[in-house]
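Working notes for the structure below.
We use all heavy atoms of the structure for the numbers below, so side chains are in, but hydrogens, waters and symmetry mates are not.
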Amino acid sequence: MKISEIFKKKDKTFSFEFFPPKTDKAMSDLINAVTSLKGNNPDFVSVTYGAMGTTQDTTLSVIDIIQNKLNLTAMSHLTCVGSTAHQIQTTLDQLKSMNIENIMALRGDPPAGSNEFIYTPGGFRNGSDLIKFINGSGNFSIGAAGYPEGHIESESLTDDLNFLKLKQDNGADFIVTQLFLDNSYYYNFRESAQNKGINIRLIPGIMPVTNIKQINKFSELCGCTIPARLKKSLERVRNDPESIRKIGIEHAINQGKNLLENGAPGLHFYTLNKSPETQEIFKELI
Ligand code: FAD
């Protein structure tokens with residue numbers, strides 16, 4: 001089912017994001033995680049594309065399993081990285097043949113070791129161009145990325161919002177945000193987006209912190225601020241993984257509750273392919 005159709009029936013959606021595995025063992029762990037989270041009746045499940053050194057073909061294999069074997073509504077991420085428009089069209093045709101109706105359209109990150117996105121001749125330079133192409137070439141519901149703290153490369157939040165508006169104008173049906181750990185960024189972003197005329201859903205992306213090294217890395221890569229209080233609590237138990245996990249889960253539960261109480265149109269969980277933490281948070285919220 002198209003996510004735009006789900007929106008007609010539900011004012012809040014709950015969704016889970018996974019990344020494609022690199023080994024057979026990781027693939028079976030992933031299928032177990034998706035299967036276990038299936039019991040929570042997610043509105044849709046998404047799989048990243050080409051991120052974290054994974055291959056694009058694996059995304060399609062995982063998406064196929066989620067949509068056609070596990071019978072969940074799947075959303076494939078798709079990026080501009082390394083593809084011409086012709087190659088993107090081929091991927092869209094493959095997705096269509098698998099009954100995939102939803103795409104998260106992104107520019108994509110620069111390859112590891114580089115901090116500059118490399119344009120592929122005959123391809124696309126940014127997310128909004130890809131959205132326009134998908135909108136004109138297939139019958140998909142399209143998601144776009146939004147950045148409550150600003151995209152790491154962008155000069156200003158105003159620029160970012162102008163480009164976000166272009167994503168809506170080019171056919172995006174909804175926005176999923178980059179992870180953030182302080183809800184005030186989301187509320188400010190939502191207000192500024194509304195003032196710009198962005199009226200599609202702005203679904204907050206939530207990620208449980210379960211590891212100090214990992215959250216520091218995410219913070220560095222995507223520019224997400226770690227609130228001072230959270231940082232202090234985590235540092236206090238830095239040699240105790242179980243306490244770190246507890247603090248991270250509690251923080252995500254408080255964040256989620258506050259967002260839902262304050263009008264967020266649901267939540268998108270960055271699961272990192274693990275079900276227990278997402279499960280623990282989800283059961284406290286729904
Ligand atoms: P864009 O919207 O193109 O923005 C990139 C930069 O260019 C920004 O600084 C923006 O301000 C600027 N910009 C945008 N439009 C223009 C324009 N017309 N002219 C000039 N400048 C412009 N990465 C992956 O590789 N695979 C994934 O599966 C993946 N999934 C993601 C899911 C979500 C929900 C999010 C939030 C991010 C995801 N990413 C993924 C990361 C994403 O690819 C990166 O953040 C990337 O750097 C930007 O993608 P974008 O589509 O937002 O780019």
> Is it true that Ile152 and Phe163 fall in one hydrophobic cluster, defined by side-chain heavy atoms closer than 4.5 Å?
Replying inline: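 In one cluster with Ile152: Phe163, no.
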Is it true that the side chains of [X] and [Y] contain a donor and an acceptor less than 3.5 Å apart?
| X | Y | result |
| --- | --- | --- |
| Tyr187 | Asn258 | yes |
| Ser154 | Asp160 | yes |
| Ser36 | Gln279 | yes |
| Ser46 | His77 | yes |
| Asn162 | Lys196 | yes |
| Lys2 | Asn139 | yes |
| Gln194 | Asn199 | no |
| Glu149 | Thr225 | yes |

For [X] and [Y], work out which heavy atoms get closest and say how close.
| X | Y | value |
| --- | --- | --- |
| Asn102 | Met1 | ND2-O, 3.0 Å |
| Gln89 | Ser137 | OE1-CB, 3.2 Å |
| Asn170 | Asn135 | O-ND2, 3.2 Å |
| Ile134 | Ala105 | CD1-CB, 3.7 Å |

> Is the Tyr185 to Phe180 ring centre distance short of 6.0 Å?
Replying inline: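 Tyr185 vs Phe180: aromatic centres not under 6.0 Å.
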>> Are Tyr270 and Phe16, when compared by the centres of their aromatic rings, separated by less than 6.0 Å?
In response: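 That pair fails the under 6.0 Å test.
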>> Less than 4.0 angstrom from a charged side-chain N to a carboxylate O is my criterion; do Glu5 and Lys8 meet it?
In response: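 Looking at Lys8 together with Glu5, the answer is yes, because their closest N to O distance falls below 4.0 Å.
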